[in-house]
Amino acid sequence: QVQLQESGPGLVKPSETLSLACTVSGGSIASYQWSWIRQTSGKGLEWIGYLYYSGSTNYNPSLRSRVTISVDTSKNQISLKLRSVTAADTAIYYCARDYTGWYAFDIWGQGTTVTVSS
Amino acid sequence: QSALTQPASVSGSPGQSLTISCTGTSSDIGGYNYVSWYQQHPGKHPKLIIYEVNYRPSGISDRFSGSKSGNTASLTISGLQAEDEADYYCSSHRSTSYRNTVTLAPVIFGGGTKLTVL
């Protein structure tokens, strides 16, 4: 069965770039939208953006100026870059598969905690 | 609108039925049949239990059911079990334009409801 695994630094300094990878195993990236979602205790769940396997993307307008989601099909990997981070970007970051194409996320990674601090 | 409105907490005894509400607007829940519900146990990722208002993914117990009336969606859990104790989140696709000036994220989540089994 398809499994997702996030990876990346757990600590990022303010103003730097947060970089995470999501490796898809047990299946192909093809034919699905893959989203990044983050969770904080204060703001709950927040959708960051998605990438369709063809490479097209859509981002949360509130983050659009700072976010890039890309794909490496040779590695079956989806990457997230969030620039100019602040403490407000401290969260658990999840990658997730969109089951229907209408934002029903049926497969999630285990999540990775990222703290923004100097 | 920053989040769909859910009660902060609900509780019930084993064997009882219980309903969690999720209130939005005509631009999200009221306008689309793309409401999802997630169950999240402590330290775990959210798990999709309902999508498109009332469909269950494979492997999800039929004790979970969803419905919608107007701008409010509901999750009903029948035959409450100890293992149902968790946080529950709703989400909905929504219109991405607001008053022709603001662009919004295409999916919005509820603030979460903590279910306690007495």
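Proteins get letters first, then strands, A, B, ... in listed order; numbering begins at 1 in each.
- Residue Tyr99(A) places its OH atom among 12 or fewer non-hydrogen atoms of other residues, nucleotides or ligands, all under 6.0 Å distant.
- Remark: the backbone N or O of Gly111(A) is paired with a side-chain donor or acceptor of Glu6(A) at under 3.5 angstrom.
- Less than 6.0 angstrom separates the ring centroid of Trp108(A) from the ring centroid of Tyr38(B).
- Looking at Tyr32(B), neither its backbone nor its side chain comes within 4.5 Å of chain A, counting heavy atoms on both sides.
- Between chain A and the options Pro46(B), Gly111(B), Ser91(B), heavy-atom pairs under 4.5 Å are most frequent for Pro46(B).
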### Query
Lys13(A) and Ser118(A): side-chain hydrogen bond (donor to acceptor under 3.5 Å, both in side chains), yes or no, with the steps?
CA-CA 5 Å; Lys13(A) 290 183 168 56; Ser118(A) 56; over 6 Å; no
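- Comparing Gly44(A), Ser62(A), Pro61(A), Gly109(A) by how many heavy-atom pairs each has under 4.5 Å with chain B, the most go to Pro61(A).
- Heavy-atom pairs under 4.5 Å with chain A peak, among Pro57(B), Pro106(B), Gly43(B), Ser92(B), at Pro106(B).
- No other option in Thr100(A), Leu45(A), Asn60(A) has as many heavy-atom pairs under 4.5 Å with chain B as Leu45(A).
- When each of Gln110(A), Glu46(A), Gln39(A) is checked for heavy-atom pairs under 4.5 Å with chain B, Gln39(A) comes out on top.
- Using cut-offs of 30° and 60° on the angle between ring planes, the pair His93(B) and Tyr103(A) is parallel.
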